[in-house]
There are 2 protein chains.
Amino acid sequence: MKTDTVFKRAFNRTLDLMVRSEIEDPLPSENALRRRLGVSRTTIRKVLGELDQRGVIVATTRSQVEDRQVLPNDYFPDVETMPRNLHIERQLMEWMLRGDTKPGTLINELELARQFGVATSGIREFLIRFSRFGLLEKRPNSGWIFEGFTKEFALDLFEIRVMFELRSARLFAKQSDHSPLWEKLETLKRAHLDLLGEIDHRFHDFSSLDNRFHRLVNEASPNRFIDDFYDIITFIFHYHYQWNKRDEKQRNHAALVEHLAYIDALLSHDLSRVEVAAGAHLSSARETLLESLLAPS
Amino acid sequence: MKTDTVFKRAFNRTLDLMVRSEIEDPLPSENALRRRLGVSRTTIRKVLGELDQRGVIVATTRSQVEDRQVLPNDYFPDVETMPRNLHIERQLMEWMLRGDTKPGTLINELELARQFGVATSGIREFLIRFSRFGLLEKRPNSGWIFEGFTKEFALDLFEIRVMFELRSARLFAKQSDHSPLWEKLETLKRAHLDLLGEIDHRFHDFSSLDNRFHRLVNEASPNRFIDDFYDIITFIFHYHYQWNKRDEKQRNHAALVEHLAYIDALLSHDLSRVEVAAGAHLSSARETLLESLLAPS
DNA sequence: AAGTTGTTTTTTATGGATAAAAATTCACCA
DNA sequence: TGGTGAATTTTTATCCATAAAAAACAACTT
């Protein structure tokens, strides 16, 4: 049966809102709550029902929001709020990228399903979805082959990334001066400078900044295939660097500086400067990835 | 339950081999047959069992191959040899590309499953697989949105195609003179000339030639993401032009001529000629697609 | 000992069942 | 009359069962 992670997560989020007094005494309407949490009204009603049952609110009037203090114990444990497919994704990514899974390994849906404690259909869906990343290949009526997260893969990936990034950067630089994206770029530049100032203890924040920056560059001239490709990059890097923390601070510091040069080049509207700065940044990103592939932590 | 299309197709193919006397009196071993047909021995045994049952061969000795003439009636009908997933694919592609399905339409798995007479899991798998083509988007816990096979889609597609093709063509032209691919290109050129001579009645053959040519260009410097992207192109064009035959002969004739110019440019090793010829060919391919989108047959 | 055929086990493809979540419908009221 | 709460219907996510196909194993033959 379907998991009730949507309900449990919504429940926890509601408790949070109550604790932080973002939900005040006359409880908001179900529709308002629904919009706030991004779930259906059906789920909200289930949450309210549960809150009532536990005596956290009084249902009849609903004017008394906190009938009693919210206790840490009221929250559902985090595992129970994670959708099944995310759970499968995590485990499979770990199995593929982190473990010692060799290139050429055959994937057995049934065995993985047993190992991870889920039904085969979940595994199947992930494999189909994931096959677009170029790390898996299907043999009909037989199984799947894991191609391996290899140097060749990284090189293929970066060749495309460079093509796309240069194309987008050029188009970005050529934009009209009135484009609102220039403003956004300035904001991002400031965020970079802020982070640079506190790099010692905030270096983890780089990753989201990185993402925002590269997405912004693509925004000037959107192309769905480029966006899709950037999804692949984000996905792969997210998992890869999650388990590979070697030199993280140093890496991020260097990338931050490169970004700033790249941003300034864009702001200058000087195409050749842009190409040099973007190229330099991507080269060093590639080197970083290759290094970590050859000498895994 | 799983369909037995693999068995039925293997059975038909075996009958074919017998009729064409490619299987002679002392029947080949099960393993030899297995390799020949690309199925498992289990399936071959089932085929042989069925042939025996129907009296087409005599099992005890297996020396008498044609115990009786093969009758047209012995063949399983074609529909029964088509794998379920291909069946689903065909129907869904027709629904999306050919019918009057508007951009923004919500896709209902259950309804489609009923409409096509299959289980929802098949629909789901197709949708997940197909979502990488950029025509569908998923809303978790809700449904899918069909983005529409629109002009914007075609433009996005061709922008990438041009980038990839120029990149591959350049690298092809820069290959060493000893590369075996030059030989292949010459062969392909001859095939083009042959087809050009008989274009009046063989114009349908262009499509496979087109495929071979563009794949060959990519072979000089393979990149899995480019290959994957070319799969998308092939897939979309296959279905689109299958239902859009307007001016087919004329279109193919023009493309053939463009290919020849492109091939000659490659053979000349002259990079700027290559770029011009490739660019010209892709532009006209784009125009053709856009026209057919705006004025569907 | 390699290649065959016969048998058993494992795995994939596909339909179907069901709880959760979403969507829709209904009734009511300020 | 639009917004709110309640009830009902529809759809998705997920597991499970089973036939088909593949793979592994065993026994035999030349």
Side-chain angles (χ1 to χ4, degrees), chain A residues 1-10 26-34 37-49 59-60 62 83-88 106-114 117-128 138-144, chain B residues 1-10 26-35 37-49 59-60 62 83-88 106-114 116-128 138-144:
Chain A
M1 322 98 209
K2 207 167 173 174
T3 56
D4 56 355
T5 53
V6 174
F7 157 66
K8 284 176 175 165
R9 174 192 295 272
L27 217 53
S29 78
E30 294 174 349
N31 262 317
L33 268 174
R34 191 203 81 194
L37 298 188
V39 298
S40 74
R41 233 176 100 224
T42 310
T43 302
I44 289 294
R45 301 196 99 236
K46 203 171 161 191
V47 168
L48 292 176
T60 41
R62 273 200 189 151
R84 181 69 90 236
N85 62 355
L86 192 59
H87 187 240
I88 293 175
L106 298 124
I107 290 173
N108 183 317
E109 296 175 4
L110 199 57
E111 189 187 314
L112 287 177
R114 279 191 292 247
V118 297
T120 51
S121 45
I123 304 280
R124 255 176 110 71
E125 286 193 4
F126 172 85
L127 293 173
I128 294 171
K138 179 161 174 54
R139 300 285 161 87
N141 287 310
S142 175
W144 296 77
Chain B
M1 322 97 210
K2 209 169 172 173
T3 56
D4 57 355
T5 53
V6 174
F7 157 67
K8 285 176 175 166
R9 173 191 295 271
L27 216 53
S29 79
E30 294 173 350
N31 262 316
L33 268 174
R34 192 203 80 193
R35 269 188 294 271
L37 299 188
V39 297
S40 73
R41 200 157 70 83
T42 310
T43 302
I44 290 294
R45 302 195 100 236
K46 203 171 161 192
V47 168
L48 292 175
T60 41
R62 275 203 185 148
R84 180 67 89 238
N85 62 355
L86 192 59
H87 187 240
I88 293 175
L106 299 125
I107 290 172
N108 183 317
E109 295 175 5
L110 200 58
E111 189 187 316
L112 287 178
R114 279 193 292 247
F116 298 165
V118 299
T120 51
S121 45
I123 303 281
R124 256 178 110 70
E125 286 193 5
F126 173 85
L127 293 174
I128 294 171
K138 178 159 175 53
R139 300 286 162 87
N141 285 310
S142 175
W144 296 78

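By convention in this document, chain letters (A, B, ...) are assigned in the order of the sequence lines, proteins followed by strands, and residues within each chain are numbered from 1.
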**Asked** For the pair made of CG in B:Leu106 and P in D:dT10, what is the distance, rounded to whole Å?
**Response** 17 Å
**Prompt:** Is the base of C:dA22 touched by the side chain of A:Thr42 through a donor-acceptor pair closer than 3.5 angstrom?
**Reply:** yes
**Message:** I want to verify a distance call: between D:dG5, C:dT4, D:dT14, whose nearest atom is closest to the A:Asn85 side chain?
**Reply:** D:dT14
**Message:** Could you measure the distance from the CG atom of B:Leu106 to the CD atom of B:Glu111? Nearest 0.5 Å is fine.
**Reply:** 10.5 Å
**Complete:** Taking C:dT7, D:dG5, C:dG15 as options, the one with an atom nearest any side-chain atom of B:Ala119 is C:dG15
**Asked** When you check every protein heavy atom under 4.0 Å of nucleotides 25-30 of chain C, what one-letter string (B, S, -) results, 5' to 3'?
**Response** ------
**Item:** Listed nucleotide nearest any side-chain atom of A:Ser121, set C:dT4, C:dT14, D:dC15
**Value:** D:dC15
**Asked** Do A:Leu33 and A:Leu48 have side-chain heavy atoms sitting under 4.5 Å apart?
**Response** yes
**Request:** Measure the shortest side-chain to side-chain distance between B:Trp144 and B:Ile128 over non-hydrogen atoms and say whether it is less than 4.5 angstrom.
**Result:** yes
**Request:** First locate atom CZ of A:Arg45, then atom CZ of A:Arg34, and finally report the distance between them rounded to the nearest 0.5 Å.
**Result:** 13.0 Å
**Message:** Measuring from atom CD1 of B:Ile123 to atom CD1 of B:Ile107, what distance do you get when rounded to the nearest 0.5 angstrom?
**Reply:** 9.5 Å
**Prompt:** Can you name the nearest heavy-atom pair linking B:Thr5 to B:Pro83, along with the distance?
**Reply:** OG1-CA, 3.7 Å
**Item:** Between C:dG15 (C1') and B:His87 (NE2): distance, integer Å
**Value:** 16 Å
**Request:** Report the distance from atom CD1 of A:Ile88 to atom P of D:dT14, rounded to the nearest whole Å.
**Result:** 7 Å
**Item:** Contact check, side chains of B:Lys2 and A:Asn141, non-hydrogen atoms, under 4.5 Å
**Value:** yes
Identify each atom pair where a protein N or O and an N or O of nucleotides 9-13 of chain C are less than 3.5 Å apart, giving names and distance.
residue : atom : partner  : partner atom : Å
C:dT11  : OP1  : A:Asn108 : ND2          : 2.7
C:dT11  : OP2  : A:Arg114 : NH2          : 3.3
C:dT11  : O5'  : A:Asn108 : ND2          : 3.4
C:dT12  : OP1  : A:Glu109 : N            : 3.4
C:dT12  : OP2  : A:Glu109 : N            : 3.4
C:dT12  : OP2  : A:Leu110 : N            : 3.2
C:dT12  : O2   : B:Lys2   : NZ           : 3.1
C:dA13  : OP1  : A:Lys138 : NZ           : 3.3
C:dA13  : OP1  : A:Asn141 : N            : 2.9
C:dA13  : OP2  : A:Arg124 : NH1          : 2.3
C:dA13  : OP2  : A:Arg124 : NH2          : 2.7
C:dA13  : OP2  : A:Lys138 : NZ           : 3.4

**Prompt:** When rounded to the nearest 0.5 angstrom, what distance separates CG in B:Leu37 from OG1 in B:Thr43?
**Reply:** 9.5 Å
**Asked** Hey, which of these two, B:Gly117 or B:Ala32, hits DNA chain C nearer its 5' end, going by closest nucleotide?
**Response** B:Ala32
**Prompt:** Using the C1' atoms of five pairs at each end, what's the angle between the two axes of the helix from C:dA1-D:dT30 to C:dA30-D:dT1, to 10 degrees?
**Reply:** 30°
**Prompt:** For the pair made of CG in B:Leu33 and C1' in C:dT4, what is the distance, rounded to whole Å?
**Reply:** 13 Å
**Prompt:** Starting at the 5' end of DNA chain C and moving along, which residue's nearest nucleotide shows up first, B:Pro28 or B:Glu125?
**Reply:** B:Pro28
**Message:** Without decimals, in angstroms, what is the distance between A:Leu37 CG and C:dA22 P?
**Reply:** 11 Å
**Asked** Rounded to the nearest Å, what distance is computed from the CZ atom of residue B:Arg34 to the P atom of nucleotide D:dA24?
**Response** 11 Å
**Item:** Sub-4.5 Å side-chain heavy-atom contact between A:Asn31 and A:Arg41
**Value:** yes
**Item:** Interatomic distance, A:Asp4 atom CG to A:Lys46 atom NZ [nearest 0.5 angstrom]
**Value:** 5.0 Å
**Message:** Within the structure provided, determine whether A:Asn85 and A:Glu125 are in side-chain contact (heavy-atom separation under 4.5 Å).
**Reply:** no
**Complete:** Rounded to whole Å, the CD-P distance (B:Glu30 to D:dA21) equals 16 Å
**Item:** Minimum heavy-atom distance between B:Ala10 and B:Val47, given as atom pair plus value
**Value:** CB-CG2, 4.0 Å
**Message:** I need the CG-P distance between A:Asn31 and D:dT4, as an integer number of Å.
**Reply:** 6 Å
